[in-house]
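Only one structure is covered here, and it is reproduced in the block below.
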Amino acid sequence: MGINKDSIILTGDRPTGPLHLGHFVGSLQKRVELQNQCKQYIMIADMQALTDYFKEPAKVVQNVTEVVKDYLAVGIDPEKSTIFIQSQIPELTELTALFMNLVTTARLERNPTIKAEIQLRQFDDSIPAGFLCYPVSQAADITLFNATHVPAGEDQAPMIEQTNELVRRFNYTYNTDCLNEVELLLSNTPRLIGIDGNAKASKSLGNAIFLGDSPETVHDKIFSMYTDPNHIRVNDPGSIEGNVVFAYLDAFHPDKAQVAEWKEHYQKGGLGDMYLKQQLCDVLQNLLTPIRERRKTISDEEALDIAIAGAQAIKPIAQNTLDKVKRAVGICYHSS
Ligand code: ATP
Ligand code: MG
């Protein structure tokens, strides 16, 4: 099912830090494109962030503003896309509670993204129930706004699968068709690797280039990138497998033919890592400079006001869906 003017996009990020290049190629770029084609809601998932940052609520709150600024800086237009804060739509929590009855804890424990994240956070045997259940709240985020498509990175595939399972289960259990299934929209770079060679650039792993990083930081991160440890002399043949510089050139260099030529040359030998890192640095500085400059022109107050206005604008949609959901379940009471 392709995108048309009736499609509805729901997407968003956790405000646990500023956004990075993984977000940019994984979903931000796509959102900038989609906002001209159909309705788009972009949610800042502060409630979801609290499921693992519950001891640091101030950090979450502070990052809400940072994330809005990142959105505006990359070209999300609040006239076209609605940016809102999750906690300002309590209907989401009500729908989450109703969904919670339709999934087993065993099913949640099998979710591969959750499994990996639990391991990363070293929760061991003390997994907060909120964390284990965040895919359920994500299913509520998506369905409450009747989304048809979710632009996100590859790590979100298990979440979409779980959302669709819940939608089918809900419709079947309550004999309704009031909720609809959703499709994941993957970008050309559904998973950008970390600057340290890790499988994913991520805030929690601290291995990403942030959109707001200074030119010096961007330069230093690029020049510290992992290449091929056996490529010692320029004339040695080099490997492009797992080579971070090539992964980033693939994701960001506009001239694909040029990158293909460098790959061939590098594998034969005679092309230096420093030369390639400088080429990548030029491309990324060109991309990030206007984003950084635009970011500086946005005040914290302006950013927050945009997100608050967004929640007010979409509240009626949330109320309308929740109303339908409650009627389907049969929990609606009227005094006589
Ligand atoms: P955290 O470490 O706090 O989980 P994160 O860096 O993984 O942060 P999220 O806020 O979890 O970022 O992800 C938000 C969106 O960005 C999701 O759609 C996710 O798929 C996408 N995304 C995050 N990192 C990458 C990446 N390295 N490549 C592609 N997409 C990414
Ligand atoms: Mg994540």
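Order of appearance sets the numbers: ligands from 1, and atoms from 1 within every ligand.
Between Thr189 and ligand 1, no pair of N/O atoms sits closer than 3.5 Å. Backbone and side-chain nitrogen or oxygen atoms of Leu192 are examined, and one is located within less than 3.5 angstrom of a nitrogen or oxygen of ligand 1. Geometrically, ligand 1 and Gln156 share no nitrogen or oxygen pair separated by less than 3.5 Å. The shortest N/O to N/O separation between Arg31 and ligand 1 does not fall below 3.5 Å. The distance criterion of under 3.5 Å between nitrogen or oxygen atoms is met by Arg14 with respect to ligand 1.
Heavy-atom proximity to atom 15 (C) of ligand 1, evaluated over Thr113, Leu120, Asp13, is greatest for Asp13. For the residues Ala49, Gly12, Gly153, the heavy atom positioned nearest atom 21 (C) of ligand 1 is part of Gly153. The heavy atom nearest to atom 24 (N) of ligand 1, out of those in Glu154, Lys200, His23, is found in Lys200.
Which parts of ligand 1 touch Pro190 is read off a 4.0 Å heavy-atom cut-off, strictly below it: atoms 28 (N), 29 (C), 30 (N). Atoms of ligand 1 lying under 4.0 Å from at least one heavy atom of Ser202, given by number and element, are 2 (O), 6 (O). Annotation for ligand 1: atoms under 4.0 Å from non-hydrogen atoms of Ala201 are 24 (N), 25 (C), 26 (C), 27 (N). The contact set between ligand 1 and His20, taken as ligand atoms under 4.0 Å from a residue heavy atom, comprises 6 (O), 24 (N). Heavy-atom proximity to Gly26, at under 4.0 Å, picks out these atoms of ligand 1: 29 (C), 30 (N).
Residues Leu322 and Gln319 fail the side-chain proximity criterion, which asks for heavy atoms closer than 4.5 Å. Between Phe252 and Leu192 the shortest side-chain heavy-atom distance falls below 4.5 Å. Residues Leu92 and Met43 have side chains in contact (heavy-atom distance under 4.5 Å, counting atoms from C-beta outward).
Under the 4.5 Å side-chain heavy-atom criterion for ILVMFWY residues, no single connected hydrophobic cluster contains both Met47 and Ile44. Residues Phe84 and Val68 fall into different hydrophobic clusters, defined by Ile, Leu, Val, Met, Phe, Trp and Tyr side chains chained together at heavy-atom separations under 4.5 Å. Under the 4.5 Å side-chain heavy-atom criterion for Ile, Leu, Val, Met, Phe, Trp and Tyr, Phe24 and Val32 are members of the same hydrophobic cluster.
In this view, Asp141 satisfies the salt bridge (Lys or Arg N to Asp or Glu O under 4.0 Å) rule with no residue, not counting sequence neighbours.
Around NZ of Lys55, the count of heavy atoms belonging to other residues, nucleotides or ligands within 6.0 Å does not exceed 12. Summarising the local packing, CD of Glu302 is surrounded by more than 12 heavy atoms from other residues, nucleotides or ligands at distances under 6.0 Å.
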